[in-house]
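These figures come from a predicted structure and were not determined experimentally.
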Amino acid sequence: MIRVKLRPFMKEDIPDVVKIATQSTFQYCSESLESWSKHDPEGIKVAVLDSGKVIGLCAAINHNENFCFGGTFIVLEEYRRLEIGHQLFSACFAHAGIRNIGLNCPSEMLNSYKRRGFTVFEESFSSLEYECKGRLNAEPLSNQLPPGVDLIPFEECYLDAMSAYDRALIGYDRKTILKAHCKETNTKTLVAFKKGICVGFGSVKLNVSEAARVGPLYANDPAIAEVMFKRLVDAMPEAKGFAAVTISKNLAANEIIRKLGLPVHDNLLRLYTKEKMFINTMKVFCQFDVDFSPF
């Protein structure tokens, strides 16, 4: 009989979690695990053997008093069909309480998640996951910004302008997590200003597979987004691959990646437990963290 303990994620779990993540297609970064767990200390749970080995994890991050977002749900293959996944999922999402919970899921898991209470289906879009190995050549992309727009490396003095833009887009305050995200050591962030007003921002970081993961990338104008995308990719020459997630109905976002010749790696569906979340997805060119955040 295998004995398993469920507990909150700790920094010391990162080596085991990275091994699990790289066996699948998770795009998150090891530093992001720390940032999100600091934001919600009970939001990421792990399943641990008596030996201390982590064999599974799941996240349900409480963003505010009304909304929670889940992901990273995985159990190592040799420990599946032992009810460990069910226990981990149940314990993790009990943490959300009465909040509306959102998550992304592969199409083959749709009925399974519906049985678990995720009955509100987003019909208007899906999340398109892109991945490739090797250095991504961003040369085909434009480097010409629209008139009057400046693209500036992140400094903490820009955080208020960024969080105001983010709040207007997403609908609630994420300043704390944005600050943590931008200050992660392997993250590079650019902020777009026009006449002193923030008109977009974007980041790139090395993920668990040492790929350059672009996200978030938000902008008022596709021309700004394309230049930002190019400069972010070029800013991480040490990357051993590329990763990003776009929204299917943002045609301009997917045209940027089409210029690079990348096929869609996976198509993720969006589910909620209570109600859909409505935002202007035409400003979302790359999503933040598909396992921890809605957009």
Once the angle between the rings of Tyr165 and Phe201 is folded into 0 to 90°, is it parallel (under 30°), tilted (30 to 60°) or perpendicular (over 60°)?
perpendicular

Glu238 CD: over 12 foreign heavy atoms closer than 6.0 Å
yes

Lys195 vs Asp150, test: salt bridge (charged side-chain N to carboxylate O under 4.0 Å, His left out). Steps then yes/no.
CA-CA 9 Å; Lys195 296 181 180 179; Asp150 295 309; over 6 Å; no

Side-chain donor/acceptor of Lys175 to backbone N/O of Ala164, under 3.5 Å:
no

In the structure I gave you, are the side-chain heavy atoms of Ser203 and Leu232 within less than 4.5 Å of one another anywhere?
no

CD (Glu78) with more than 12 external heavy atoms under 6.0 Å:
yes

Can you tell me how far apart CD (Glu210) and CG (Asn186) are? Round to the nearest 0.5 Å.
10.0 Å

With a 3.5 Å cut-off and no angle check, do the side chains of Asn254 and Tyr130 form a donor-acceptor pair?
yes

Residues in salt bridge (charged side-chain N to carboxylate O under 4.0 Å, His left out) with Lys179, at least two apart?
Glu156

Hydrophobic cluster identity match, Val204 and Val227, side-chain contacts under 4.5 Å:
yes

Can a side-chain donor-acceptor contact be found between Glu31 and Thr185 if the only test is distance below 3.5 angstrom?
yes

Could you walk me through whether Lys19 and Val208 pass side-chain contact (heavy atoms from CB on, under 4.5 Å), step by step?
CA-CA 9 Å; Lys19 288 178 183 177; Val208 290; over 6 Å; no

So which atom in Leu260 and which in Ala138 form the shortest heavy-atom distance, rounded to 0.1 Å?
CD2-CA, 3.9 Å

Applying the side-chain hydrogen bond (donor to acceptor under 3.5 Å, both in side chains) test to Asn104, which of Arg270, Glu129, Glu122, Gln287 qualifies?
Arg270

Calculate, to the nearest 0.5 Å, the distance between atoms CG and CZ belonging to Leu141 and Arg231 respectively.
12.0 Å

Short N-O contact, Asp221 and Lys194, less than 4.0 angstrom:
no

Test: Asp234 and Lys188 ion pair at under 4.0 Å
no

Can you run down the side chain to side chain donor-acceptor pair (under 3.5 Å) pairs that involve residues 258-268, sequence neighbours left out, and say none if there aren't any?
Ser126-Asn267, Glu226-Lys259, Glu255-Arg258

Should Ile170 and Phe295 count as side-chain neighbours, where that means a heavy-atom distance under 4.5 Å?
yes

Determine whether Val54 and Ile20 satisfy the following criterion, side-chain contact (heavy atoms from CB on, under 4.5 Å), listing intermediate values before the conclusion.
CA-CA 9 Å; Val54 175; Ile20 294 172; 4.0 Å; yes

Going through the distances and angles, do Glu275 and Val120 end up as a side-chain contact (heavy atoms from CB on, under 4.5 Å)?
CA-CA 6 Å; Glu275 59 185 358; Val120 180; 5.6 Å; no

For Asn66 and Arg99, indicate whether the former's side chain and the latter's backbone hold a donor-acceptor pair under 3.5 Å.
no

Which atoms form the tightest heavy-atom contact between Leu145 and Ile224, and what is the distance?
CD2-CA, 4.4 Å

Cluster question for you: counting only ILVMFWY and a side-chain heavy-atom cut-off of under 4.5 Å, with indirect links fine, are Val149 and Val191 together?
no

Go through the steps to decide whether Lys53 and Asp13 satisfy the test salt bridge (charged side-chain N to carboxylate O under 4.0 Å, His left out), and finish with yes or no.
CA-CA 8 Å; Lys53 179 183 178 180; Asp13 298 325; over 6 Å; no

Do Phe154 and Met236 share a hydrophobic cluster, counting only Ile, Leu, Val, Met, Phe, Trp and Tyr and linking them when any side-chain heavy atoms are less than 4.5 Å apart?
no

Tyr28 and Phe288: ring-ring contact (aromatic ring centres under 6.0 Å, His included), yes or no, with the steps?
CA-CA 10 Å; Tyr28 55 76; Phe288 193 162; over 10 Å; no

Grouping I, L, V, M, F, W and Y whenever their side-chain heavy atoms are under 4.5 Å apart, do Leu128 and Phe121 come out in a common cluster?
no

For the pair Glu139 and Lys230, evaluate side-chain contact (heavy atoms from CB on, under 4.5 Å) and give the outcome as yes or no after the intermediate values.
CA-CA 8 Å; Glu139 187 63 29; Lys230 175 181 173 59; 4.0 Å; yes

Do Pro222 and Phe285 have side chains that get closer than 4.5 Å, going by heavy atoms?
yes

Looking just at side-chain N and O atoms, do Arg174 and Ser293 make a donor-acceptor pair shorter than 3.5 Å?
yes

Does a side-chain heavy-atom distance below 4.5 Å link Val290 with Gln27?
no

Can His95 and Lys45 be counted as having a side-chain donor-acceptor contact under 3.5 angstrom?
no

Side-chain touch His181/Ser35, heavy atoms, less than 4.5 angstrom:
no

Any idea which heavy atoms bring Ala211 and Ala239 closest together, and the distance?
C-CB, 4.2 Å

Return yes if some donor-acceptor pair links the side-chain N/O of Asn280 with the main-chain N/O of Met282 below 3.5 Å, else return no.
yes

Going by heavy atoms in the side chains, are Thr119 and Leu271 under 4.5 Å from each other?
no

What pair of heavy atoms forms the shortest contact from Ala212 to Leu206, and how long is it?
N-CD2, 4.4 Å

Glu34 backbone acceptor or donor facing Ser37 side chain under 3.5 Å
yes

Judged by atom type as modelled, is there a donor-acceptor pair below 3.5 Å linking the side chain of Arg116 to the main-chain atoms of His86?
no

For residues Val284 and Leu169, determine if any side-chain heavy atom of one lies less than 4.5 Å from a side-chain heavy atom of the other.
yes

Does Lys240 have more than 12 heavy atoms from other residues, nucleotides or ligands lying within 6.0 Å of its NZ?
no

Just verifying a value: how many Å separate Phe73 CZ and Tyr113 OH, rounded to the nearest 0.5 Å?
6.0 Å

Ser248 to Phe125 - nearest heavy-atom pair and separation:
OG-CA, 3.3 Å

For Tyr172, which of Arg167, Glu65, His63 qualifies under side-chain hydrogen bond (donor to acceptor under 3.5 Å, both in side chains)?
His63

Would you call the rings of Phe93 and Phe118 parallel, tilted or perpendicular, where under 30° means parallel and over 60° means perpendicular?
perpendicular

For the atom pair SG (Cys58) and CD1 (Ile84), what is the distance rounded to the nearest 0.5 Å?
13.5 Å

When you compare the side chains of His39 and Thr176, does any donor N or O come within less than 3.5 Å of an acceptor on the partner?
no

Measuring from Tyr79:OH to Leu88:CG, what's the distance to the nearest 0.5 Å?
14.5 Å

Measuring from Ile247:CD1 to Lys283:NZ, what's the distance to the nearest 0.5 Å?
13.0 Å

Within the 4.5 Å heavy-atom criterion, are Thr246 and Ile257 side-chain neighbours or not?
yes

Could you tell me which non-hydrogen atom of Cys198 sits nearest to which non-hydrogen atom of Ala161, and how far apart they are?
CB-O, 3.7 Å

Do Val48 and Met10 share a hydrophobic cluster, counting only Ile, Leu, Val, Met, Phe, Trp and Tyr and linking them when any side-chain heavy atoms are less than 4.5 Å apart?
no

